[in-house]
**Student:** 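My structure is below; once you've seen it, I'll send some questions.
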Amino acid sequence: MKKGLYILSFLVLLPTLLFAQIKFIATASSTQVAVGEPFQVDFTVQGSGDDFNAPDFSNFQVQSGPAVSQSVVINNGVSSSTASYSYILTATKEGTFIIGAASINVGMRGVKSNILKIKVVKGQPAQQQAQQAQAQQNAPGSAAVGNSQNIAKSLFIRAEVDKTRVYQGEQLTVNYKLYTQVAILGSGLDKAPDLNGFWNQDVMKNGQPVQWKIENYKGQRFNVATIKQTVLFPEHAGDLTIDPISLTLAVRLQQQSSGDIFDQVFGGGSFKDVNYKVSSPPVIIHAMPLPEAGKPADFSGAVGSFSVASNIDKKELKANETLNYNLKITGTGNLALINSPNINPPADFEKYDPKTTDNIAVNPGGVSGSREYTYLLIPRHQGDFTLSPPGFSYFNPATRRYVTLPAKSFAIKVNKGDPQANPTAYNIASQQDIKMLGKDIRYIKTDSPDLYKDGEGFYGSAGFYLLMLLGPLAFTGALLYRRWDDKQNSDIVKLKSRKANKVAAKHLANAAKQLSAGNKNEFYEAVARGLYGYLSDKLNIPVADLNKENITDQLKARALDESTINQLADTIDLCEMARFAPVTGISQQQVFDKAKNTINEIEDKI
C-alpha cells in the first residue's frame with residue numbers, strides 16, 4: 001500500500017520537478033553603455049520552446065533581431081538542447097532603463113525570463129569610439145577566431161553589374177550582394193559607395209527588408225541577400241570605378257569542438273560573437289564616348305529608347321488667351337537627365353518656361369516612365385499660325401545609332417481678341433452723344449459758383465505742377481525698373497542662384513512635414529533633395545555633375561570656410577547612409593537642423 005502511495009506521489013510531483021529545471025535567462029553583453037553604442041541582449045531557454053514574445057524595447061533602437069540559434073549537446077548519452085534569441089540594441093538617450101521579461105512556451109507551460117537593468121551614460125567622442133573599436137578588432141583572440149573559421153571565405157560582399165562596357169549616359173545596374181555561411185546578428189554601414197563619375201538612383205529604398213535565398217557560388221552553398229541595388233549612368237567617358245560598400249557585421253562563430261562526432265553533427269561546442277568588417281571589391285566600368293558621326297544638331301544627351309507624343313488643348317482661340325502645348329517623352333533610359341526641348345513658336349506668340357511632370361519608376365531593369373513638358377503660349381494677334389516644334393533626338397545604345405523623332409505640327413486659328421483681356425492694351429471708351437432732356441441747359445446749378453482769381457485756385461499752383469510731373473516721373477521709374485528686372489532675369493544662372501534658397505525651403509518644408517508624420521524614409525529623401533537642389537542652383541552645377549568632389553571644389557573656390565563645408569558633407573553622408581542602415585547617435589530633428597543651418601550659412605557667405 002505504501003509503495004503505491006510513493007509511486008502516486010512521484011507521478012503527481014514529476015511535472016513540477018521537470019519544469020523546475022527549465023531555465024529562461026536574459027543576459028546583456030554590457031549593463032552600462034554609452035549613447036549610440038550598440039550592445040547585445042540574449043534570451044536563452046533550456047529545451048525546445050515556441051511562441052517567443054520579446055519585451056518592450058521602446059527605450060532603445062533595435063538594430064537587428066531576433067537572431068535565433070539552437071544547439072544540442074550530448075554528454076554520456078544524455079542530450080540537452082538550448083535555444084537563444086538575440087537582439088542588437090542601441091541606446092538613444094541617457095538614463096537607467098528596464099528591459100522587461102520575455103516569455104516563451106516550453107511544453108505545456110509558459111515561462112518568463114528575468115528583467116535587465118541597463119544604465120546609459122553620455123556618448124563618447126567619435127574619434128575615441130573609433131580607437132576603441134580598432135583596439136577591439138586587434139585584440140588577441142578576435143583574429144584567432146576569425147582565422148579558425150576562415151571567415152573571409154565564409155562571409156563576403158560582391159558587387160555584380162549587368163554590363164561592364166557601356167556608352168556615356170547608358171544605364172547599368174549594380175547589385176551589392178552579401179554572401180554568408182555564418183550567423184549574422186547585426187549590421188552597420190561603415191561607408192556607402194561614393195559612385196563618383198556616375199549619376200545614380202537607388203532601386204531598394206531605405207528600411208526595405210532584404211530577402212535571403214540560397215545560391216551556389218564556386219561550388220559552395222551560401223545564404224545570399226541583396227543589400228543595395230542601384231541604377232548608374234556614366235557622366236563622362238573613360239574607366240570609372242564603382243567604389244566598395246563597407247559594413248561591420250556582428251557574427252556568431254563556433255569555436256573548435258571537442259572532436260566528438262556528436263558535437264560535429266548536433267552543433268555542440270562553444271560560440272563567440274565578434275565584429276567583422278567586410279567590403280566589396282571595386283568594379284571597373286569602361287564608358288565609351290558617344291559617336292560624333294551622325295549626331296543631330298539638337299541632340300542634348302538623351303540615351304536609351306524613347307517615343308514622343310504631343311498635343312494642344314485648343315486649336316482655335318482668341319488673341320491674348322492662353323494655349324497649352326504638351327510634349328511627352330516616354331521610354332527607358334536617362335529620363336531624369338533630359339533637358340526641356342527648346343520650342344520656337346511663331347513670333348506673335350509669347351512663350352513661358354515649361355512645367356515638368358515626371359512619372360518615372362526605378363526597378364532592377366533600369367529607369368523607365370515618362371517626362372512631360374507643358375508650355376504656356378499666348379498669341380497676341382489674330383491670324384492663322386502653324387506651331388512646328390523641333391524633333392527630339394536620342395542615342396540608342398542597342399543599335400548604336402542616333403534617332404530623331406519628329407514632333408507633330410498643329411494649325412492654330414487665332415481670332416480677334418477682347419481688348420480688355422489684354423493686360424498690356426489700353427481700353428478706350430467709345431464716345432457718346434449728349435442726350436438732351438428737352439432743355440437747352442442740362443443740370444442747372446442753383447448754388448453760388450466758386451470763383452477764383454488767377455493763381456488762387458488749384459490750377460497753376462505748385463501742387464498742380466507737381467502732380468503734372470508725377471506722371472512722367474512714375475513712367476520713367478517704371479521703365480528703369482523694367483530694364484533692371486529684365487537684366488536681372490536675363491542671366492539664368494544668377495536667377496537660379498538667387499532663388500535657390502526658396503527652392504530648398506520648399507523641400508525642407510516637406511521634410512518637416514514628413515518628420516512630424518514619422519515617415520523616416522521620405523524625410524531623409526526630402527532633406528537630400530533640398531540640399532542637392534539648392535547646391536545645383538546656387539553653384540550652377542548640372543544635376544548630372546553633382547557629387548561631393550565638385551561641390552567641395554566650388555565651395556572652396558568661393559572661399560567658404562572649412563567647417564561649413566565639412567558640416568555639409570556630414571549631412572549629405574547621413575542622408576545617404578540612412579538609405580541602407582539605421583542612423584545612430586543623431587536624431588532626425590538634428591539632421592534637419594544641420595541641413596537648414598548649413599544652407600543659411602552658405603547664403604550668408606556667398
Side-chain angles (χ1 to χ4, degrees), residues 26-43 54-65 86-101 114-139 142 185-192 206-207 246-250 273-277 511-512 515-516 518 520 523-524 527 561-578 580-598 601:
T27 58
S29 60
S30 178
T31 57
Q32 178 171 319
V33 297
V35 174
E37 176 186 357
F39 65 99
Q40 182 171 326
V41 174
D42 297 312
F43 300 94
D56 182 15
F57 294 123
S58 59
N59 292 315
F60 302 91
Q61 185 175 16
V62 179
Q63 300 286 355
S64 64
S86 302
Y87 292 84
I88 301 296
L89 307 179
T90 298
T92 59
K93 55 185 176 182
E94 298 179 52
T96 301
F97 306 101
I98 299 297
I99 297 178
N114 55 294
I115 64 174
L116 296 173
K117 182 183 292 186
I118 306 296
K119 183 178 181 181
V120 182
V121 298
K122 186 177 181 180
Q124 297 176 330
Q127 183 178 4
Q128 185 176 354
Q129 290 183 358
Q131 292 173 351
Q132 291 183 355
Q134 185 66 29
Q136 182 179 2
Q137 183 182 358
N138 297 331
S142 61
L185 306 179
S187 64
L189 179 67
D190 293 336
K191 183 179 182 301
N206 179 36
S246 299
L247 303 176
T248 295
L249 303 174
D273 299 336
V274 299
N275 289 331
Y276 181 71
K277 293 184 179 293
L515 177 62
S516 301
K520 180 180 178 182
F523 165 75
Y524 282 109
V527 173
D561 58 277
E562 194 73 25
S563 61
T564 303
I565 296 176
N566 293 336
Q567 180 175 325
L568 172 65
D570 291 342
T571 307
I572 292 176
D573 287 340
L574 284 171
C575 294
E576 290 294 332
M577 291 174 63
F580 318 115
V583 175
T584 60
I586 184 171
S587 66
Q588 295 180 37
Q589 182 63 51
Q590 289 174 308
V591 173
F592 178 83
D593 292 338
K594 285 184 68 174
K596 184 176 180 180
N597 293 335
T598 301
E601 289 181 15

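As the structure is a prediction and not an experimental result, all values here were calculated from the model.
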**Student:** Is it true that Gln589 and Asp593 share a donor-acceptor pair across their side chains at a distance under 3.5 Å?
**Tutor:**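 Note: Asp593 and Gln589 side chains meet the donor-acceptor criterion.
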**Student:** Assess the residue pair Val33 and Leu89 against the criterion (side-chain contact (heavy atoms from CB on, under 4.5 Å)); give the C-alpha distance rounded to whole Å, side-chain angles, the decisive distance to 0.1 Å, and a yes or no.
**Tutor:** CA-CA 10 Å; Val33 297; Leu89 307 179; over 6 Å; no
**Student:** Apply side-chain contact (heavy atoms from CB on, under 4.5 Å) to the pair Lys93 and Asn59, showing each step before the final yes or no.
**Tutor:** CA-CA 8 Å; Lys93 55 185 176 182; Asn59 292 315; 4.2 Å; yes
**Student:** For atom NZ of Lys596, is the number of surrounding heavy atoms from other residues, nucleotides or ligands below 6.0 Å larger than 12?
**Tutor:**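 12 or below, so no.
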**Student:** Once you measure the plane-to-plane angle for Phe60 and Phe97, does it fall in the parallel (<30°), tilted (30-60°) or perpendicular (>60°) bin?
**Tutor:**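 Phe60 vs Phe97 ring planes: perpendicular.
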**Student:** Given the rule in the side-chain contact (heavy atoms from CB on, under 4.5 Å) test, do Ile98 and Leu116 qualify, once you have shown the distances and angles that lead to the verdict?
**Tutor:** CA-CA 6 Å; Ile98 299 297; Leu116 296 173; over 6 Å; no
**Student:** Would you say Thr92 and Gln61 are linked by a side-chain donor-acceptor pair, where the criterion is simply a distance under 3.5 Å?
**Tutor:**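 No - no donor-acceptor pair under 3.5 Å links their side chains.
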**Student:** For Val35 and Glu94, run side-chain contact (heavy atoms from CB on, under 4.5 Å): C-alpha distance rounded to whole Å, both residues' side-chain angles, the deciding distance at 0.1 Å, then the answer.
**Tutor:** CA-CA 6 Å; Val35 174; Glu94 298 179 52; 3.7 Å; yes
**Student:** Identify the two heavy atoms, one from Pro55 and one from Gly100, that lie closest to each other, and give their separation to 0.1 Å.
**Tutor:** CB-O, 3.2 Å
**Student:** As a test of understanding, state which of Thr564, Ile572, Thr571 forms a side chain to side chain contact (heavy atoms under 4.5 Å, CB included) with Leu568.
**Tutor:** Ile572
**Student:** Between Phe523 and Phe592, what is the ring plane arrangement, given parallel below 30°, perpendicular above 60°, and tilted in between?
**Tutor:**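 It falls in the tilted class, 30° to 60°.
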**Student:** Which heavy atom of Ala34 sits nearest a heavy atom of Lys122, and at what distance?
**Tutor:**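 Reported closest heavy-atom pair: CB-O, 3.8 Å.
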**Student:** Any non-hydrogen side-chain atom of Val120 less than 4.5 Å from a side-chain atom of Thr96?
**Tutor:**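 Answer no - side chains too far apart.
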**Student:** Can you see which heavy atom on Ile118 is nearest to which on Ser30, and at what distance?
**Tutor:** CD1-O, 3.8 Å
